[in-house]
Amino acid sequence: MCGIVGIVGNRPVAPLIVDALKRLEYRGYDSAGVATVEARELDRRRAEGKLVNLEQRLADQPLGGHIGIGHTRWATHGAPVEVNAHPHFSDNVAVVHNGIIENFRELRDELTAQGFSFSSQTDTESVAHLVASGLKAGLSPVEAAHAAIDRLRGAFALAIVFRGEDDLIVGARSGPPLAVGLGDGEMYLGSDAVALAPFTNRIVYLEDGDRAVLRRSGFNLTDADRKAVEREVKISVGSALLADKGNHRHFMLKEIYEQPEVIGHTLSHYVDFNERRLALRDLDGAPAGIDFAKLSRLTITACGTAYLAGMVGKYWFERLARLPVDIDVASEFRYREPPLSKDGMSLFISQSGETADTLAGLSYCRSEGQAIASIVNARESTMARESHSVFPTLAGPEIGVASTKAFTCQLSVLASLAIAAGVQRGYIDQATEERLVSELAEAPRYTNEALHIEEQIEALSHRLAGKKSVLYLGRDTNYPLAMEGALKLKELSYIHAEAYAAGELKHGPIALIDDEMPVVVIAPHDRIFEKTVSNMQEVAARGGQIILITDAKGAAEVGMDEAQVIVMPDVPEIITPIAYSLPIQLLAYHTAVHMGTDVDQPRNLAKSVTVE
Ligand code: F6R
């Protein structure tokens, strides 16, 4: 994780770097820092915690200089305190780093023996000393940077500046993304194009192994073997405007409320509502050239909330299209290296398109010759660039660290793909397709109606606030949704929460139930509603406090006075996971607000997880 920026400009760069870091704060907010070269001297300001603290530090002690680098940190090695904040210095060198240097212990021992002293617990400081040791040995700054980078193992995006060099930044990418921005008489480096959006929309993405040497007049790229390489200049569509919360108290609440609209946008990319037919389109809006009829198996890989969207997708693909689906979290999949079916397709799901484990899974599937498809929100991401077919979610930028609208848009794409697969594979006839499309068309309306129960949910969230642990139960597609509810609650409120398939409770977890344990049950009135009611009875018999999320029919039939019931609109089955996402998001949100936690930037998390 972490976000890095570099600017070689013709005006004071510290405020520009802070501006760029604001756009990268989603990558981590444990500390932030800026270093510049002014009058040939290196200087830096660093501050623990969020970027506002660095801004305050810079207001008190401004930093001049027309060239500099900046960093916003998600701590990997060393506590989130100022001494561990980047940029890290050695004699004549300052470095910012995103990633993990795996051989840093070995490097630290070697550099300590050479007389370098370490002032932080980070892996990054060894990079600064390594470059400095090359300078001491008589190498030029660029040569010293190359020599140091050659020695690094692990994942890194780096930006390096040097004392006495006010027209030189060296960047390198091995794993985490890095982009060069082309200005007029200024050059920029950043973890993504959005960071550079206020300065330029002309972007060159480094490929894995690439190194960049930036000067005001231009830049050159080499690959890991130091051979000159050319990469295409792309025009970024990233907005230079910083997203704001509007009238909402938090970005997360704003994003919850945006869902009816963005689900509608996303569905219209895949569905012709006039004709009531599926019309899948790729990233550029051209008809998607995907043939599900030829597929023997679909392998879905993702992390966190995106993985849970994939789990809902598995139920849909298997039920609607009789297409066998394997699904795994990317951090397991990448090292499990499972055999993949010939004629199979691999599908990756990610909001950021930069999640390190998911990208590693993608590389594995590519090396196995699989067709690669992805469902991605960040259209200029590494994942979008590395996929054969890209299915965009049109959620817009998601700022709240906990995913909400990206999740329901992922579900919208998965529902569309599964129906299309069912049609292509001959399991869905035209009348059924028309019915399903008409039902999908109702998703924005039902999600909007679901927002009307916010007040009731807020009142109920008092019952969760302060609890030690909460269980979530569901069956079928509501099982992954229960997992998503538990994930949202724990990441936002820091209350321990776990989800079980409702039928699995009696095989062990029921031992946890007592009169202190809230149990959230997601159970619309469907073909297995009665089964879930039996599981609820088992919980009630042991004193568990049930919060049931169901529809009017379910509420009428449940017949349990002890349950608190949240009544949802009566939604068609295909859009149940989309509509029922809203109450579980709102429940986690309001519980966190009661608990006073930082809803938009929960502790220890980052929006884009670019380390494994
Ligand atoms: C939870 C959450 C995370 C992400 C996960 C994958 O609210 O947001 O679990 O879903 O880190 O991130 P992406 O989708 O960017 O690959």
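All ligand and atom numbering here is 1-based and tracks the order in the structure. Nothing fancy with the numbering, it's 1 onward along the sequence.
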May I ask you to check whether [X] has an N/O atom sitting below 3.5 Å from an N/O atom of ligand 1?
{"X": "Lys488", "value": "yes"}
{"X": "Lys607", "value": "no"}
{"X": "Thr358", "value": "no"}

State whether a side-chain donor-acceptor pair under 3.5 Å links [X] with [Y].
{"X": "Glu454", "Y": "Tyr257", "value": "yes"}
{"X": "Tyr26", "Y": "Asp192", "value": "yes"}
{"X": "Glu498", "Y": "Ser469", "value": "no"}
{"X": "His97", "Y": "Thr124", "value": "yes"}

Are the side chain of [X] and the backbone N or O of [Y] linked by a donor-acceptor pair below 3.5 Å?
{"X": "Thr301", "Y": "Asp328", "answer": "no"}
{"X": "Glu25", "Y": "Leu51", "answer": "yes"}
{"X": "Glu354", "Y": "Thr382", "answer": "yes"}

(Q) Looking at ligand 1, would Val401 count as a contact under a 4.0 Å heavy-atom criterion? (A)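 A heavy atom of Val401 does come that close to ligand 1.
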
Note to self: Measuring from non-hydrogen atoms of Cys303 to any atom of ligand 1, is the shortest distance under 4.0 Å?
What the structure shows: yes

Considering only protein heavy atoms, which is closest to [atom], and at what distance to one decimal place?
{"atom": "atom 15 (O) of ligand 1", "value": "Ser352 OG, 2.7 Å"}
{"atom": "atom 11 (O) of ligand 1", "value": "Val609 CG2, 3.9 Å"}
{"atom": "atom 3 (C) of ligand 1", "value": "Thr305 N, 4.0 Å"}
{"atom": "atom 14 (O) of ligand 1", "value": "Gln351 N, 2.6 Å"}
{"atom": "atom 7 (O) of ligand 1", "value": "Glu491 OE2, 2.5 Å"}

The atoms of ligand 1 lying under 4.0 Å from a heavy atom of Ala306, numbered in the order shown, are 10 (O), 14 (O)

The atoms of ligand 1 lying under 4.0 Å from a heavy atom of Ala402, numbered in the order shown, are 7 (O)

- Message: Using the rule side chain to side chain donor-acceptor pair (under 3.5 Å), only one of Glu255, Gln259, Lys488 pairs with Gln585; which is it?
- Response: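 Passing option: Gln259.
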
Given that the side chain starts at C-beta and the backbone is N, CA, C, O, which of these parts of Thr355 lies under 4.0 Å from ligand 1, counting heavy atoms, or is it both or neither?
->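 Thr355 to ligand 1: side-chain contact only, backbone stays beyond 4.0 Å.
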
Examine the proximity of ligand 1 to Glu354 and report which part, side chain or backbone, both or neither, has a heavy atom under 4.0 Å away.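 The answer is neither; Glu354 stays 4.0 Å or more away.
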
Do Glu398 and Ser403 pass the side-chain hydrogen bond (donor to acceptor under 3.5 Å, both in side chains) test, and can you show the C-alpha distance, the side-chain angles, and the key distance before you say yes or no? CA-CA 7 Å; Glu398 192 178 60; Ser403 191; 3.1 Å; yes

